[in-house]
2 protein chains.
Amino acid sequence: MKNSQLYKGSLNTIIMKLLEENGKMYGYEITQKVKIITHGELNITEGALYPALHKLEAEGILDVEIAKVDNRMRKYYKLTESGQKETVNRLAELEDFIRNMQSLVNPKSNLEF
Amino acid sequence: MKNSQLYKGSLNTIIMKLLEENGKMYGYEITQKVKIITHGELNITEGALYPALHKLEAEGILDVEIAKVDNRMRKYYKLTESGQKETVNRLAELEDFIRNMQSLVNPKSNLEF
DNA sequence: TAGTTATGTATAAGAAACTTATGTATATTT
DNA sequence: AAATATACATAAGTTTCTTATACATAACTA
């Protein structure tokens with residue numbers, strides 16, 4: 001995919017936010033959801049997604065629950081308690097980040113400072 | 001600095017935008033400007049900045065001009081012609097990125113879709 | 001029915017962008 | 001005299017990603 005470099009570092013936040021919103025999701029479902037929401041502009045690759053999910057699980061941010069649907073495996077992920085707290089922080093960081101980037105790129109939006 | 005991971009990938013865009021706006025700047029000046037604009041929240045380290053400037057120069061995005069002020073060296077960077085064109089693209093990418101991230105994080109902002 | 005696309009997960013090799021640490025040098029402030 | 005500010009540079013290591021490959025089942029298509 002022609003994802004710009006800008007998305008680097010944002011994958012964990014995206015995953016955590018989607019799980020906060022939807023309770024539990026499996027990997028493939030996350031990729032499809034992101035594709036729909038961004039109108040195809042952001043395509044999360046498996047090579048990025050699965051290692052990220054495994055790491056978040058190892059860090060205690062996510063819990064996993066294995067299911068079998070239509071004879072195919074699914075691994076449902078959901079936020080742990082500490083994961084829910086951490087998600088609040090990550091979303092605050094994202095808001096700060098977006099605000100700062102807008103200040104840098106659109107100096108006129110700085111008039112209130 | 002406690003820069004969140006989110007800034008990863010945004011440095012080139014920041015540099016190019018500041019140069020588009022200010023004509024020419026030197027490295028240290030860029031770090032200070034960013035610190036001011038973001039109220040200290042984003043601190044660009046030298047280890048990230050100088051290699052990034054060298055790479056942008058090697059790619060023909062930036063031109064360099066060496067000066068000596070107060071017996072200290074300064075390297076002023078400015079956008080080349082192709083750098084100016086590329087900056088337009090990068091800023092458009094940044095706008096798309098921010099819009100997509102807002103769609104992911106604040107689903108209510110998706111009502112128009 | 002053979003082949004492609006979709007669904008679903010996984011990992012390994014390499015690239016890219018960063019952090020952290022270190023180095024050099026001059027000017028200014030304490 | 002020592003610390004801080006100004007100014008640039010690079011090397012080692014980490015993190016996050018891309019690209020490629022692998023396995024497996026289901027559904028669609030030529």
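Everything quoted here is computed from the prediction, not taken from an experiment. Chain letters run A, B, ... following the sequence lines, proteins first and then strands; every chain starts at 1.
Here the nucleotide nearest the side chain of A/N12, chosen from D/dT18, D/dT16, C/dT11, is D/dT16. The side chain of A/T45 lies closest to D/dT18 when the candidates are D/dT18, D/dT10, C/dC18. Picking from C/dT11, D/dT6, D/dA9 the nucleotide with the shortest atom distance to the side chain of B/Y77 gives D/dA9. Distances were taken from every side-chain heavy atom of A/Y50 (C-beta onward) to each of C/dT11, D/dT10, C/dC18; the shortest belongs to C/dT11.
For A/S4 (side chain) and B/E93 (main-chain N/O), no donor-acceptor pair under 3.5 Å exists by modelled atom type. When atom types are taken as modelled, the side chain of A/N106 and the backbone of A/Q102 share no donor-acceptor pair closer than 3.5 angstrom.
In this structure, OH of B/Y7 is placed 17 Å from P of D/dT16, rounded to the nearest angstrom. Following rounding to the nearest Å, B/L42 (CG) and C/dT19 (C1') show an atom-to-atom distance of 14 Å. Rounding to whole angstrom units, CG of residue A/L11 and P of C/dA17 are separated by 18 Å. D/dA11 atom P lies 17 Å from atom CG of B/L49, rounded to whole Å. The interatomic distance linking B/R74 (CZ) with D/dA7 (P) rounds to 4 Å, in whole Å. The distance from atom CD1 of B/I44 to atom P of C/dA17 is 15 Å, rounded to the nearest whole Å. Going from atom OH of B/Y76 over to atom P of D/dT6 covers 14 Å, rounded to whole Å. Residue B/I30 contributes atom CD1, which lies 15 Å from atom C1' of D/dT6 at whole-angstrom precision.
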message: Would A/M101 and B/I14 count as a side chain to side chain contact (heavy atoms under 4.5 Å, CB included) here? Give the steps.
response: CA-CA 8 Å; A/M101 289 305 289; B/I14 291 171; 3.8 Å; yes

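Pairing each heavy atom of A/L79 with each of A/Q84, the nearest pair is CB-CG, 3.8 Å. The two residues A/P51 and A/E46 come nearest to each other via the heavy atoms CD-O, 3.6 Å.
Electrostatic pairing of B/E95 and B/R99 does not count as a salt bridge here, judged by no charged N lying under 4.0 Å from a carboxylate O. The existence of a salt bridge linking A/K17 and A/E20 is confirmed by a sub-4.0 Å separation between a basic side-chain nitrogen and an acidic carboxylate oxygen. Looking at B/E29 and B/K33, no side-chain N of the basic residue comes within less than 4.0 Å of a carboxylate O on the acidic one, giving no salt bridge.
Residue contacts shown for B/S10 are limited to sugar-phosphate atoms, with no base heavy atom under 4.0 Å away.
Contact annotation: A/K55 reaches the phosphate of D/dT16 (side-chain N/O to OP1 or OP2, under 4.0 Å). For D/dT10, the OP1/OP2 oxygens have a side-chain nitrogen or oxygen of B/H54 closer than 4.0 Å. Side-chain nitrogen and oxygen atoms of B/Q5 include none within less than 4.0 Å of the OP1 or OP2 phosphate oxygen of D/dT15.
For the pair A/K75 and A/Q32, nearest-nucleotide mapping onto DNA chain C gives the more 5' position to A/Q32.
Both tests do not hold together for A/K75 against A/Y26: distance to the six-membered ring centre under 6.0 Å, angle to the ring axis within 45°.
Among residues at least two apart or in separate chains, there is no side chain to side chain donor-acceptor pair (under 3.5 Å) pair with a member in residues 51-73 of chain B.
Contacts between residues 13-29 of chain A and DNA chain D, defined by a heavy-atom separation below 4.0 Å, involve no residue at all.
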- line: Letter by letter from the 5' end, nucleotides 21-30 of chain C scores (B base, S sugar-phosphate only, - none; protein heavy atoms under 4.0 Å) -----BS---

